[in-house]
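Just so you know, these numbers use all the heavy atoms, side chains as well, and skip hydrogens, waters and symmetry mates.
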Amino acid sequence: VLKYLSLLDHLNASKPHVAPDTQALQVLRTDLDFIVSHWQKRGFDLWEELNGDHYHTRLVQLSALEHGAEYLQRHAMDEARSARYLNVAA
């Protein structure tokens, strides 16, 4: 998700007059909605083979929610969803 947000920022910087791609935003929302729905569940980390709570995974989830909410706010889109992302990240 973070790499995806970085790509969207890059595209927006190179073409600020062009609205964000609808499909790209749908993928972003789908991924962030998944994090909102599942962040409390235990899972497997990138380097661990054990099911559990992993520091790296939690930090990436937190950052993705904060950056995703900020992206939606910056483009004046989906304020309710942005607020939900920030609420979960808090």
Side-chain angles (χ1 to χ4, degrees):
V1 173
L2 294 176
K3 190 68 171 172
Y4 195 71
L5 283 166
S6 176
L7 177 62
L8 287 174
D9 281 337
H10 173 72
L11 292 174
N12 188 55
S14 64
K15 298 179 181 180
H17 60 283
V18 177
D21 181 80
T22 305
Q23 286 182 316
L25 288 173
Q26 185 56 43
V27 170
L28 175 66
R29 289 179 184 129
T30 300
D31 286 349
L32 293 173
D33 287 347
F34 180 86
I35 293 172
V36 167
S37 298
H38 296 88
W39 75 271
Q40 292 179 318
K41 295 180 181 177
R42 301 176 85 190
F44 294 92
D45 194 33
L46 294 174
W47 304 282
E48 302 294 334
E49 295 180 6
L50 301 174
N51 191 11
D53 292 313
H54 302 284
Y55 184 70
H56 177 264
T57 300
R58 296 290 186 230
L59 284 179
V60 171
Q61 289 171 334
L62 172 66
S63 185
L65 290 171
E66 289 174 343
H67 283 84
E70 190 270 330
Y71 185 88
L72 292 176
Q73 289 173 345
R74 186 170 1 115
H75 294 284
M77 291 184 263
D78 216 338
E79 292 180 25
R81 186 175 257 133
S82 176
R84 188 170 69 238
Y85 296 161
L86 290 174
N87 185 47
V88 170

ILVMFWY network linking Leu72 to Phe34, side-chain heavy atoms under 4.5 angstrom: no
Could you list the residues that satisfy salt bridge (charged side-chain N to carboxylate O under 4.0 Å, His left out) with Glu79, not counting sequence neighbours? none
Residues that Glu66 engages under side-chain contact (heavy atoms from CB on, under 4.5 Å), provided they are two or more places apart: Leu62, Ala89
Specify the closest pair of heavy atoms between Asn51 and Arg42, including all atoms of both residues, with the distance to one decimal. OD1-C, 3.4 Å
First locate atom OG of Ser63, then atom CZ of Arg58, and finally report the distance between them rounded to the nearest 0.5 Å. 14.5 Å
Mind checking side chain to side chain donor-acceptor pair (under 3.5 Å) for Gln26 and listing every partner two or more places apart, or none if nothing turns up? Thr30
Which atom names give the shortest non-hydrogen contact between Leu32 and Ala64, and what distance separates them? CD2-O, 3.5 Å
Checking side chain to side chain contact (heavy atoms under 4.5 Å, CB included) for the pair Tyr71/Leu25: CA distance, chi angles, key distance, verdict? CA-CA 10 Å; Tyr71 185 88; Leu25 288 173; 3.6 Å; yes
Please name the pair of heavy atoms, one in Met77 and one in Arg29, separated by the smallest distance, quoted to 0.1 Å. SD-NH2, 4.0 Å
Contacts of Asn87 meeting side-chain contact (heavy atoms from CB on, under 4.5 Å) (sequence neighbours excluded), chain-then-number -> none
Residue pairs meeting salt bridge (Lys or Arg N to Asp or Glu O under 4.0 Å), one or both in residues 81-90, sequence neighbours left out, come to Asp33-Arg81, Asp33-Arg84, Asp78-Arg81
Tell me, with the steps shown, if Glu70 and Leu86 meet side chain to side chain contact (heavy atoms under 4.5 Å, CB included). CA-CA 9 Å; Glu70 190 270 330; Leu86 290 174; over 6 Å; no
Non-hydrogen atoms of Tyr85 and Ala69 that approach each other most closely: CB-CB, 4.0 Å
Is Asp31 close to Ile35 at the side-chain level, that is, under 4.5 Å between some pair of heavy atoms? no
